[in-house]
Number of protein chains: 2
Amino acid sequence: MAIDLKAEQALKLWHEVSTAMVHGNEPDLTQRQFTILLTVYLEPPPHTVRGLAARLNVTKPVITRALDTMGAMKLLKRRRDERDRRNVIIQRTVEGSLFLETFADTVRTKARELPR
Amino acid sequence: MAIDLKAEQALKLWHEVSTAMVHGNEPDLTQRQFTILLTVYLEPPPHTVRGLAARLNVTKPVITRALDTMGAMKLLKRRRDERDRRNVIIQRTVEGSLFLETFADTVRTKARELPR
DNA sequence: CAAATTCGTTTCGTTCCCGTATCATTTAGC
DNA sequence: GCTAAATGATACGGGAACGAAACGAATTTG
């Protein structure tokens, strides 16, 4: 059975989750950074700087900088591709998985509490 | 019937909507700006700078600047409170309503297409 | 009516993100 | 081997957002 949302429910869901994130003290990621993080965790590897840039329609430095920032937060990590040492493979971390699990829980809770 | 999402569905929904927004050429709002916009459109008026700052746990200049930015985009507008001229009332606009309607449509479409 | 308070804005200095252009390293082609 | 191409990182200048503090205007208080 498909997930069917009314327009107001959709907005309310986004509002509550966003408010929870802004209000809380979780890592403060930009829209792009969060999108990059989700892409790495949801789409099949391997992920490269170039691939992510093309996938999200942004320039390469955007990806490099996002990896710097989120790498420092331990949400992602870089690894050299040994088969072609020009490439950098972006990998998940335990901390990143936990962060996204917590986020998913927030979404689920807010969705369940949505008025009909 | 409550909206019941699996963790993976929640992440996937966020990912697809975020990707659509990053990829598209819609107004580029920060997380905070978008949250402010949703608050103004979803919660009962009147909305003041001070009220929004307290509601979202941010400083007042954050609200003032967000109103500058989003006001220039015509997503919101300011009005003096004539009963107490120290206050500024934040109001919706037609453009803002349209923008959020389009956004809600994106969420609904992505939710409906979610795998089980 | 003078002083204190409230409200939104502005200023200041800082930090972060952006796109363009360029760089170093590695690989591929001849 | 030597040049050309590919990949990711970096330098640079510009713009936007940040928090803290100070400010002007309006209102409330004593």
Side-chain angles (χ1 to χ4, degrees), chain A residues 18-19 21-40 45-92, chain B residues 18-19 21-40 45-92:
Chain A
S18 299
T19 301
M21 298 197 79
V22 169
H23 194 279
N25 14 354
E26 286 151 30
D28 185 30
L29 302 179
T30 66
Q31 187 72 31
R32 284 176 166 189
Q33 287 169 346
F34 194 54
T35 305
I36 292 167
L37 187 68
L38 283 169
T39 301
V40 171
H47 299 286
T48 63
V49 172
R50 183 164 189 76
L52 288 172
R55 173 77 177 75
L56 301 176
N57 203 31
V58 298
T59 60
K60 285 191 296 175
V62 168
I63 305 294
T64 295
R65 284 185 292 250
L67 295 182
D68 290 343
T69 304
M70 296 199 281
M73 297 174 181
K74 309 223 184 244
L75 298 177
L76 287 174
K77 64 183 171 194
R78 280 185 255 227
R79 203 199 71 211
R80 271 285 159 200
D81 179 357
E82 290 305 332
R83 303 192 327 146
D84 182 342
R85 292 186 47 78
R86 286 174 302 184
N87 289 332
V88 161
I89 306 294
I90 294 98
Q91 293 181 299
R92 311 169 189 179
Chain B
S18 299
T19 302
M21 298 197 80
V22 169
H23 195 279
N25 16 354
E26 285 151 33
D28 186 30
L29 301 178
T30 66
Q31 187 74 30
R32 285 176 165 189
Q33 287 168 346
F34 194 54
T35 305
I36 292 168
L37 187 68
L38 284 169
T39 301
V40 171
H47 299 286
T48 63
V49 171
R50 183 162 189 74
L52 289 172
R55 173 79 177 75
L56 300 176
N57 202 32
V58 297
T59 60
K60 288 189 295 173
V62 168
I63 306 294
T64 295
R65 285 186 289 250
L67 296 182
D68 290 344
T69 303
M70 297 169 90
M73 298 174 181
K74 307 221 186 247
L75 298 177
L76 287 174
K77 64 184 171 194
R78 281 184 252 227
R79 203 197 72 211
R80 271 285 159 202
D81 180 357
E82 291 303 333
R83 303 193 326 146
D84 182 343
R85 293 185 47 77
R86 286 174 301 184
N87 291 331
V88 160
I89 306 294
I90 294 98
Q91 294 181 299
R92 310 168 191 179

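Quick note on labels: first sequence line is chain A, next is B, and so on, each numbered from 1. For the numbers below, each heavy atom of this structure counts, side chains included, while hydrogens, waters and symmetry mates do not.
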Quick one, Asp81(B) with Thr48(B), criterion side-chain contact (heavy atoms from CB on, under 4.5 Å). Give me CA distance, side-chain angles, the key distance, then yes/no. CA-CA 9 Å; Asp81(B) 180 357; Thr48(B) 63; over 6 Å; no
In whole angstrom, what separates Met70(A)'s CE from dC17(C)'s C1'? 13 Å
Is it the case that the side chain of Arg80(A) and the backbone of Arg85(A) share a donor-acceptor pair, with hydrogens and angles ignored and the cut-off at 3.5 Å? yes
Under 4.0 Å, heavy atoms only, any strand: does Gln31(B) hit a base, just the sugar-phosphate, or nothing? nothing
On the nucleotide dA16(D), are OP1 or OP2 found under 4.0 Å from the side-chain N or O atoms that Arg32(B) carries? no
Can you see if the side chain of Gln33(B) gets near the phosphate of dA16(D) - specifically, an N or O under 4.0 Å from OP1 or OP2? no
Do the side-chain N or O atoms of Asn87(A) get closer than 4.0 angstrom to the phosphate oxygens (OP1, OP2) of dA6(D)? no
Test side-chain contact (heavy atoms from CB on, under 4.5 Å) on Thr30(A) and Thr69(A) and set out the steps. CA-CA 11 Å; Thr30(A) 66; Thr69(A) 304; over 6 Å; no
Given dG8(C), is OP1 or OP2 found less than 4.0 Å from the side-chain N or O atoms of Arg78(B)? no
Rounded to whole Å, how long is the line connecting atom CD1 of Ile90(A) with atom C1' of dA9(D)? 13 Å
Could you give the distance from CD1 (Ile63(B)) to CZ (Arg55(B)), rounded to the nearest 0.5 Å? 11.0 Å
Close N/O contacts between protein and nucleotides 25-29 of chain C (under 3.5 Å):
{"from": "dT27(C)", "atom 1": "OP1", "to": "Arg85(A)", "atom 2": "N", "distance (Å)": "2.9"}

Give the C-alpha distance, both sets of side-chain angles, the deciding distance and a yes or no for side-chain contact (heavy atoms from CB on, under 4.5 Å) between Asn87(A) and Arg50(A). CA-CA 9 Å; Asn87(A) 289 332; Arg50(A) 183 164 189 76; over 6 Å; no
Determine whether Arg92(B) and Leu75(B) make a side-chain contact, defined as any pair of heavy atoms from C-beta on separated by less than 4.5 Å. no
Distance, rounded to the nearest Å, where Arg79(A) contributes CZ and dA9(D) contributes C1': 19 Å
Output for pair (Asn57(B) CG, Leu52(B) CG), nearest 0.5 Å, gives 13.0 Å
When you measure from the side chain of His47(A) to the backbone of Val40(A), do you find a donor-acceptor pair of N or O atoms at a distance under 3.5 Å? yes
Separation of dG19(C) atom C1' from Asp28(B) atom CG, nearest Å, is 13 Å
Going through the checks in order, is the salt bridge (charged side-chain N to carboxylate O under 4.0 Å, His left out) test met by Asp68(B) and Arg78(B)? CA-CA 9 Å; Asp68(B) 290 344; Arg78(B) 281 184 252 227; 2.2 Å; yes
At a heavy-atom distance below 4.0 Å, what parts of residues 47-64 of chain A sit against DNA chain C? Thr59(A), Pro61(A), Val62(A)
Mapping Ile89(A) and Arg65(A) onto DNA chain D by nearest heavy atom, which one lands closer to the 5' end? Ile89(A)
